[in-house]
Amino acid sequence: MPNLNTDKTVLHELLDRYADYEPEYGRGLSNHLPMLLHALHTLGASEERMDAYAATYRERLEALRPSDADTRDWRAFRGRTDAYAALARMFSSRIATEGRDAVLRDALPELIPGVSSNAFHGLIRCGHAIAANHNDELARGLAYWTSSHLALLTETNAAELSAPSLGLREWLYAAYELSSVADSGLPLITLRMQAWAQSPRFSALAPALRTDAKTLSTFARFAATLYAYTGNFTVLHMVTSSHAMLTLQPWLADEAISARWFGIALFAALRAARITREQVSAALDAESITNLIAESPQLTWNELAEIA
C-alpha cells in the first residue's frame, strides 16, 4: 500500500509517546491506538491531526501496569495478561540484540496456535508494527499476542491435529454443522469464538482444511469478498487478520502449518460473525475478487485517501 507520508519519524514519535497504556481496556476491548496512528499516517494525516486524535482516544485507555516477571522463559507466560509490561521489555531487548528477523522466526511458531488472541488483535498489532517499521511497537505487539494468547484447541502441535481432508468450500460449509447455545448473548468476538470452539465437532472439523503455501492469500481474498457482501464487523477482523498474516509471511517457517492454525481461528470467527450459510455461499460464488475489483471504478490511492 503506498504511503502518502513517507517520513515515519512523526509516526514513531507518536507510537512511543502513547506507549504506556495497557493493550486492553474496559474488560476486554483492544487498544487500537497504535494501529489507528499507523492508519492515519498512511492516509497522510498531519502530526497535529494524529496527536489530537490520540489525545481524545487515550481517555478510554488504562495506565500500564508494572510487571517484574522474569520472562526469560517467555513461553511460560502465554495467556498471562499481568505480564504484558515485562514481556514488552523482554521482546524489545531481544530485538535490539538479536535482530527483528531472528526474534520473529523464534516467536511466531509458538504464537500462531494462539492466534485467536483477543479476536486476532495481537496478530493485527504486530502486522501494523512491521508495516510502520517500528521495533519497539513490534515488541509491544508480540507481548500483547503472548499475554492474551488463546488456543481454541487442546492440541499443542500440528501433528496432533486431525488430518486435513476438505477443500475450502466444503470446509466453510462444515462450520455450519457445529452447534452451540453459548454464543447467544455474548458481546465480545473472542468470547463467541471460544463458545463455538466448545462445540463437540469443532476439534475434528476446524483443522480439516487442506492447506498449502497459497492458503493465506486464499483466506484474504475470501474474507475481503465476504466482507463486501456482508459488511459484518467480525468478518472485518477476518480481513485485517488475514492481511496481518500476509505481512508476517516472510517470517513463517512453514506457511501450510501456520495457515492450519490460523484457519482454526477463522473457522470459529465465521460462526462468531453470526452470518448465514447463504451469505458464505454467495461470497464463494463470486467469480473472483479480481473480477469484482475490475467491475469497480478505478481510483488512484490519492483519490481513495481523499475520499477517506
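Bear in mind that the values here come from a model prediction, so they are computed numbers and not experimental data.
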Please say whether more than 12 non-hydrogen atoms of neighbouring residues, nucleotides or ligands are located less than 6.0 Å from CD in Glu306. no
Minimal heavy-atom distance between Leu153 and Pro207, with the atoms involved, is CD1-CG, 3.9 Å
Can you confirm if the NZ or CZ of Arg277 lies within 45° of the ring axis of Tyr173 and under 6.0 Å from the centre of its six-membered ring? yes
In the structure I gave you, are the side-chain heavy atoms of Asp82 and Ser67 within less than 4.5 Å of one another anywhere? no
Pair His134-His128, side-chain donor/acceptor within less than 3.5 Å: no
So, for Leu188 and Arg27, which heavy atoms are closest and what is the spacing to 0.1 Å? CD1-O, 3.7 Å
Going by heavy atoms in the side chains, are Leu152 and Phe267 under 4.5 Å from each other? no
Check Asp16 with Arg140, please: is the shortest side-chain N to carboxylate O separation under 4.0 Å? yes
Evaluate the side-chain proximity of Arg169 to Asp285: yes if any heavy-atom separation is below 4.5 Å, no if none is. yes
Between CD on residue Glu110 and CZ on residue Arg78, distance to nearest 0.5 Å: 5.5 Å
Between Ala139 and Ala88, what is the shortest heavy-atom contact and its length? CB-O, 3.7 Å
Geometric class of the Trp171/Phe219 ring pair [parallel <30°, tilted 30-60°, perpendicular >60°]: tilted
Is there a path of hydrophobic side-chain contacts, each under 4.5 Å between heavy atoms of I/L/V/M/F/W/Y residues, joining Leu61 to Leu64? no
Does some side-chain heavy atom of Leu104 sit less than 4.5 Å from a side-chain heavy atom of Leu252? no
Below 4.5 Å, heavy atoms only, C-beta onward: do Leu123 and Met245 meet side chain to side chain? yes
Minimum heavy-atom separation for Trp196 and Ser179, please, with both atom names. CZ3-C, 3.8 Å
Parallel, tilted or perpendicular: which describes the rings of Tyr21 and Tyr18, with under 30° parallel and over 60° perpendicular? parallel
In terms of side-chain heavy atoms, does Ser30 have a donor or acceptor partner in Arg125 at a distance below 3.5 Å? no
Minimum heavy-atom distance between Ala272 and Ile189, given as atom pair plus value: CB-O, 4.3 Å
Do any N or O atoms from the side chain of Asn118 and from the backbone of His121 form a donor-acceptor pair under 3.5 angstrom? no
What I want to find out is whether Lys214 reaches Asp212 closely enough, with some N-O distance under 4.0 Å, to be called a salt bridge. no
Test ring-ring contact (aromatic ring centres under 6.0 Å, His included) applied to Phe91 and Trp145, Trp74, Phe77, Tyr144, the passing residue: Trp74
Residue pair Leu226 / Ile275, side-chain heavy-atom distance below 4.5 Å: yes
Is the backbone of Asn135 close enough, under 3.5 Å, to the side chain of Arg100 for a donor and an acceptor to pair up by distance? no
Hphob cluster co-occupancy, Val115 + Tyr84, side-chain heavy atoms under 4.5 angstrom: no
Charged N-O contact under 4.0 Å between Arg58 and Asp20: no
With rounding to the nearest 0.5 Å, note down the distance linking NE2 in His32 to CG in Leu37. 12.5 Å
Answer yes or no: is there a side-chain heavy-atom contact under 4.5 Å between Asp106 and Arg94? yes
